[in-house]
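We name chains A, B, ... by the order of the sequence lines, and we start the count at 1 in each one.
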Amino acid sequence: MLCTLKLALFPKRLTNTRMDSERYNAREAEPKWQRIWEETGTFRTVNEDSRPKYYVLEMFPYPSGRIHMGHVRNYTMGDVIARYKRAKGFNVLHPMGWDAFGMPAENAAMQNKSHPAEWTYANIATMRAQLKSMGLSLDWSREIATCDAAYYKHQQRMFLDFLAAGLVDRKQSKVNWDPVDHTVLANEQVIDGRGWRSGALVEQRELTQWFLKISNYAEDLLAALDGLDRWPDKVRLMQANWIGRSEGLLVRFELAPGADSDAREVEVYTTRPDTLFGARFMAISADHPLALEQSKADPALAEFIAECRRMGTSVAVLETAEKKGYDTGLKVHHPFDADWTLPVYVANFVLMDYGTGAIFGCPAHDQRDLDFSNAYGLGNTPVVCPPGVDPATFTITDTAYDGEGVLINSRFLNGLTIEAAKEEVAKRLEAVAIGNRPQGKRQVNFRLRDWGISRQRYWGCPIPIIHCESCGPVPVSAADLPVVLPKDVSFDEPGNPLDRHPTWKHVACPKCGAPARRETDTMDTFVDSSWYFARFTDPWDTDEPTNPKAVDHWLPVDQYIGGIEHAILHLLYARFFTRAMQATGHAGQLKEPFAGLFTQGMVVHETYRAKDGAWVFPAELRFEGQGAARCAYKLGSGEEVEIGAIEKMSKSKRNTVDPDEIISTYGADTARWFVLSDSPPERDVIWTEEGVQGSSKFVQRLWRLLGELTELGGQVDLPLPAEISPAAAAIRKAAHGALIKVEEDVERLRFNRAIAQVHDLANRLSAAIGAIETETIGEDLRFAFREAASITIRLFAPMMPHLAEECWARLGQTVLGQTGPVSEAPWPIADPSLVIEDTINLPVQVNGKKRADLTIGREAAQSEIEAAALALEGVQRALEGKPVKKIIVVPQRIVNVVA
RNA sequence: GCGGACGUGGCGAAACUGGUAGACGCAAAGGACUUAAAAUCCUUCGACUUCGGUCAUACGGGUUCGAUUCCCGUCGUCCGCACCA
């Protein structure tokens with residue numbers, strides 16, 4: 001646009017017109033190549049192929065409306081890998097789909113009176129076109145959308161299979177209720193006491209829910225993390241913490257006689273049985289059956305329990321909440337001493353859903369117990385004495401001791417280490433029986449809870465269950481799948497439209513035929529994304545969710561790429577689903593879904609704020625000055641706005657840059673190059689206008705450089721002559737050296753380094769061109785130029801595929817025998833011998849400080865190097881006549897003279 | 001509170017397994033070309049310097065011939081988990 005306008009205004013600028021025509025025109029070239037790739041099916045992948053497979057996958061997007069820069073970064077990285085692996089001879093699977101169910105579609109429906117399906121499919125169409133304009137090497141023939149009945153019918157089928165396999169549970173439980181979205185949230189979806197999507201403070205409610213029994217696999221999900229050696233340690237650690245394994249002991253405490261209770265005992269779970277002789281009280285949860293029983297005859301206790309329930313579970317509440325308790329008057333016997341009784345409190349800090357909902361309190365060695373004990377005057381008994389402290393004087397007042405030590409005040413445990421004492425207690429309590437059960441039992445506990453998947457929403461996968469008065473919940477028969485969402489729904493009022501639909505839920509019981517009612521809850525959308533990677537391997541199968549042959553062929557995903565925000569939720573669910581699918585015959589031999597995981601950083605941008613506090617888009621601003629003096633002004637009014645912190649691009653802060661605008665202004669290659677260039681891929685990248693312009697300039701520079709190389713390379717493709725000039729050797733060295741490094745960097749996903757290598761190569765080739773006299777170009781130089789052009793194009797082709805195609809096509813006009821697009825060309829083969837030189841440069845240090853450089857034969861003997869190093873002027877000066885003690889020569893690296 | 005990561009020029013960053021600290025890019029300064037601008041090309045670019053060097057990888061120690069890299073401590077930033085018994 002700008003160019004043509006200029007030409008119209010200044011028609012006399014003929015020289016510039018010529019210059020303009022020599023510029024690379026991304027706006028013409030990019031759609032052209034995208035069309036060619038599509039028409040020739042360049043990136044279509046066939047399952048039956050003799051080449052080794054490589055499955056590269058980026059986390060599929062939610063069709064929110066338009067793609068953002070985070071998508072551009074994510075999909076560019078995946079595309080570089082896909083294109084590189086394709087060039088390396090792999091049969092690459094690189095599919096794309098849509099995580100299409102979810103709340104925003106319903107919110108949009110409420111606001112715009114449009115149907116969620118309409119909204120979603122329109123967004124998919126927009127975003128598909130946007131992704132295509134990025135030039136991604138995707139196999140669009142495998143595209144899936146999770147909101148298609150063709151997809152979710154398989155999900156319903158797997159739900160039924162999981163149900164039959166005992167992997168589904170229906171139970172009443174306390175759930176996290178999001179009062180804004182009017183739906184239940186899984187534990188994983190509650191962040192700091194708030195809904196992960198709505199940000200609303202989560203409430204506790206009792207509801208009957210469907211659960212997937214992820215806790216069945218807790219042990220395996222934890223243990224298998226060790227084998228995921230191509231996952232970031234951080235993610236593995238986060239998952240391990242989330243699963244939260246602990247080894248402990250179940251201990252039964254008998255109720256002392258005289259208690260008015262049906263219960264005979266209270267069981268506690270402890271990881272510190274060694275501190276049993278430090279016990280001062282027992283505390284049970286407000287939801288513990290014994291507490292509930294006792295409250296029936298004790299109104300004060302009932303009130304206390306109600307108070308506990310009213311208390312929120314948000315961080316703020318928990319941090320400030322006092323440790324409160326209510327003495328039930330009940331007593332329990334100490335397991336090792338029938339004459340020793342402990343009072344039983346109902347306490348607000350004991351959780352019903354961890355362990356047994358009851359603990360014994362050892363104030364001396366647990367801060368929380370100590371706070372409680374001090375508040376209620378229960379005292380404490382130190383039983384672990386820190387090393388070097390006299391047991392006789394060791395006391396605890398305000399700070400519990402939870403470190404290492406030796407047991408004291410503990411009868412038969414005295415003198416033992418903590419570990420030995422734990423073992424001794426376990427052994428003794430296992431040997432004692434109460435009734436026909438031992439008093440103690442070792443138990444491994446997990447923090448991981450089962451995955452509640454019921455959501456009171458419309459736009460999700462219907463749970464294929466029918467509730468019958470007499471038969472209970474009855475699975476829909478597989479032949480009746482899919483249970484399709486009704487289209488005629490209204491979003492006029494809050495709540496679940498499925499539930500208030502006039503006819504949809506009224507069906508006959510599949511078992512007895514009596515009138516019954518459909519389950520109106522739909523599945524958590526994380527279910528949809530827990531198996532899509534498997535569906536991609538054969539998305540055409542209409543009968544089965546997956547084709548086990550295709551699953552076994554393609555999976556695990558060799559390289560999965562996405563944001564760190566999915567470190568627990570999606571990645572843990574997908575790992576669980578893989579196991580559940582395997583148990584039900586849907587996942588072949590697959591153990592883990594993602595062999596390699598990479599979590600990329602975000603795209604961040606400066607924020608701008610007007611005087612009235614409103615956020616301003618960068619596109620609405622012009623900038624003046626630099627550094628501290630840099631200012632931003634609104635384009636229309638000229639009002640100065642405040643330049644704020646660099647933050648994640650977000651619509652609310654208006655610090656976004658629209659990929660479409662960047663692509664139409666600079667081209668997709670520029671955008672791709674920029675998001676890869678500045679920062680390491682796992683770190684955040686700061687989007688700047690200068691940076692994009694830099695990338696754009698480099699696109700033009702490569703276009704010119706390759707034009708020159710192509711021209712200098714000549715018209716024929718003769719072999720390399722025997723006689724090679726130093727200039728030609730230098731060019732070959734630069735090209736092959738860069739090739740070796742780029743290959744290594746791309747393999748290790750260090751795209752920023754790979755890009756630096758391409759820059760460096762361009763600098764070297766420019767310098768080489770500048771240094772030669774055009775008349776003296778011999779066949780050796782021509783060969784070197786042709787070779788350098790061919791290598792360079794293929795090096796940057798994964799990052800900037802359109803530019804590469806244009807350069808490749810131009811080169812193909814001069815070099816005989818080169819046909820086809822660069823997207824189908826093999827990766828160049830490096831010749832390492834070209835990079836090795838006869839003489840090397842060795843830095844020489846004296847006492848660890850560099851004093852000189854030594855240029856010496858590559859294979860020089862140690863004695864030769866030592867003598868030459870000592871003879872250097874810089875070394876002699878630094879030695880100041882001091883005698884040399886020894887000389888360290890690290891071959892090919894460094895010489896250090898120690899004086 | 002528990003667990004983890006990180007800290008390098010004006011900025012984004014490199015530096016392999018302990019071996020020349022700052023590759024590459026951005027920004028900046030100077031120059032060439034131009035009536036001028038853009039674009040392009042060339043040069044400079046950690047600090048100090050008596051031009052020999054000296055000091056520099058958050059700070060303080062240690063190991064080593066040699067430390068951005070390994071160890072200990074301090075400070076700071078970020079992330080995850082959090083009444084988990």
Filtered N/O pairs between nucleotides 21-26 of chain B and protein, under 3.5 Å:
from	atom 1	to	atom 2	distance (Å)
G25(B)	OP1	N763(A)	ND2	3.2

Please give me every residue in residues 354-369 of chain A whose heavy atoms get under 4.0 Å of an atom in RNA chain B, ordered by residue number. Y354(A), I359(A), R368(A)
Taking only N/O atoms, report every protein-nucleotides 1-10 of chain B pair under 3.5 Å with atom names and distance.
none

Given G19(B), U20(B), C83(B), which nucleotide is nearest the side-chain atoms of N841(A)? U20(B)
Could you state the atom-to-atom distance from CD of Q443(A) to P of A85(B) in whole Å? 13 Å
Once pairs are restricted to Watson-Crick or G-U wobble with both distances under 3.5 Å, how does RNA chain B read as a dot-bracket string, [ ] for crossings and | for other-strand pairs? (((((((..(((......[....))).(((((.......))))).(((....)))..(((((..]....))))))))))))....
Where each residue is assigned the nucleotide of RNA chain B containing its nearest heavy atom, which of R704(A) and T271(A) is assigned the position nearer the 5′ end? R704(A)
Can you name the residues that form a side-chain hydrogen bond (donor to acceptor under 3.5 Å, both in side chains) with R877(A), not counting sequence neighbours? E873(A)
Which residue pairs pass the salt bridge (charged side-chain N to carboxylate O under 4.0 Å, His left out) test with at least one member in residues 755-767 of chain A, sequence neighbours excluded? D760(A)-R764(A)
Non-neighbouring partners of E690(A) that pass side-chain hydrogen bond (donor to acceptor under 3.5 Å, both in side chains), sequence neighbours left out: none
Could you tell me whether K324(A) and E307(A) have a side-chain N and a carboxylate O separated by less than 4.0 Å? yes
Solution key, residues 355-370 of chain A side-chain donor-acceptor pairs under 3.5 Å, sequence neighbours excluded:
from	atom 1	to	atom 2	distance (Å)
T356(A)	OG1	E267(A)	O	2.6
T356(A)	OG1	A358(A)	N	3.4
T356(A)	OG1	A358(A)	O	3.4
H365(A)	ND1	Y401(A)	O	2.7
H365(A)	NE2	V383(A)	N	2.8
H365(A)	NE2	V384(A)	N	3.0
D366(A)	OD1	R368(A)	N	2.9
D366(A)	OD1	D369(A)	N	3.1
Q367(A)	OE1	A400(A)	N	2.9
Q367(A)	NE2	D371(A)	OD1	3.1
Q367(A)	NE2	D398(A)	O	2.9
D369(A)	OD2	C362(A)	N	3.0

Could you tell me whether the side chains of S246(A) and Y354(A) share a donor-acceptor contact shorter than 3.5 Å? yes
Close N or O pairs between protein and nucleotides 50-58 of chain B (under 3.5 Å):
from	atom 1	to	atom 2	distance (Å)
G53(B)	OP1	R877(A)	NH2	2.8
U54(B)	OP1	R851(A)	NH2	3.1
U54(B)	OP2	R851(A)	NH1	3.1
C55(B)	OP2	K849(A)	NZ	2.9

Give the rounded distance in Å between these two atoms: CD of Q239(A) and C1' of C81(B). 14 Å
Answer yes or no: is there an ion pair linking K422(A) with E419(A), defined by an N-O contact shorter than 4.0 Å? yes
Under 3.5 Å donor-acceptor pairs involving side-chain atoms of residues 847-854 of chain A, not counting sequence neighbours:
from	atom 1	to	atom 2	distance (Å)
N847(A)	OD1	A899(A)	N	2.9
K850(A)	NZ	D853(A)	OD2	3.2
D853(A)	OD1	N841(A)	ND2	3.4

Only counting residues at least two apart or in another chain, list the ones meeting side-chain contact (heavy atoms from CB on, under 4.5 Å) with A768(A). I731(A)
Among all residues two or more places apart in sequence or in another chain, which pass the side-chain hydrogen bond (donor to acceptor under 3.5 Å, both in side chains) test with R447(A)? none
Can you find a donor-acceptor N/O pair under 3.5 angstrom joining the side chain of K885(A) to the base of C65(B)? no
Does atom CD of E711(A) have more than 12 heavy-atom neighbours, drawn from other residues, nucleotides or ligands, at distances under 6.0 Å? no
Using only atom types and a distance under 3.5 Å, with no angle test, would you say the side chain of D287(A) pairs donor to acceptor with the backbone of M352(A)? no
May I have the distance from D287(A) (atom CG) to C83(B) (atom C1'), rounded to whole angstrom? 14 Å
Taking atom types as modelled, is there a side-chain donor on R701(A) or S766(A) under 3.5 Å from an acceptor on the other? yes
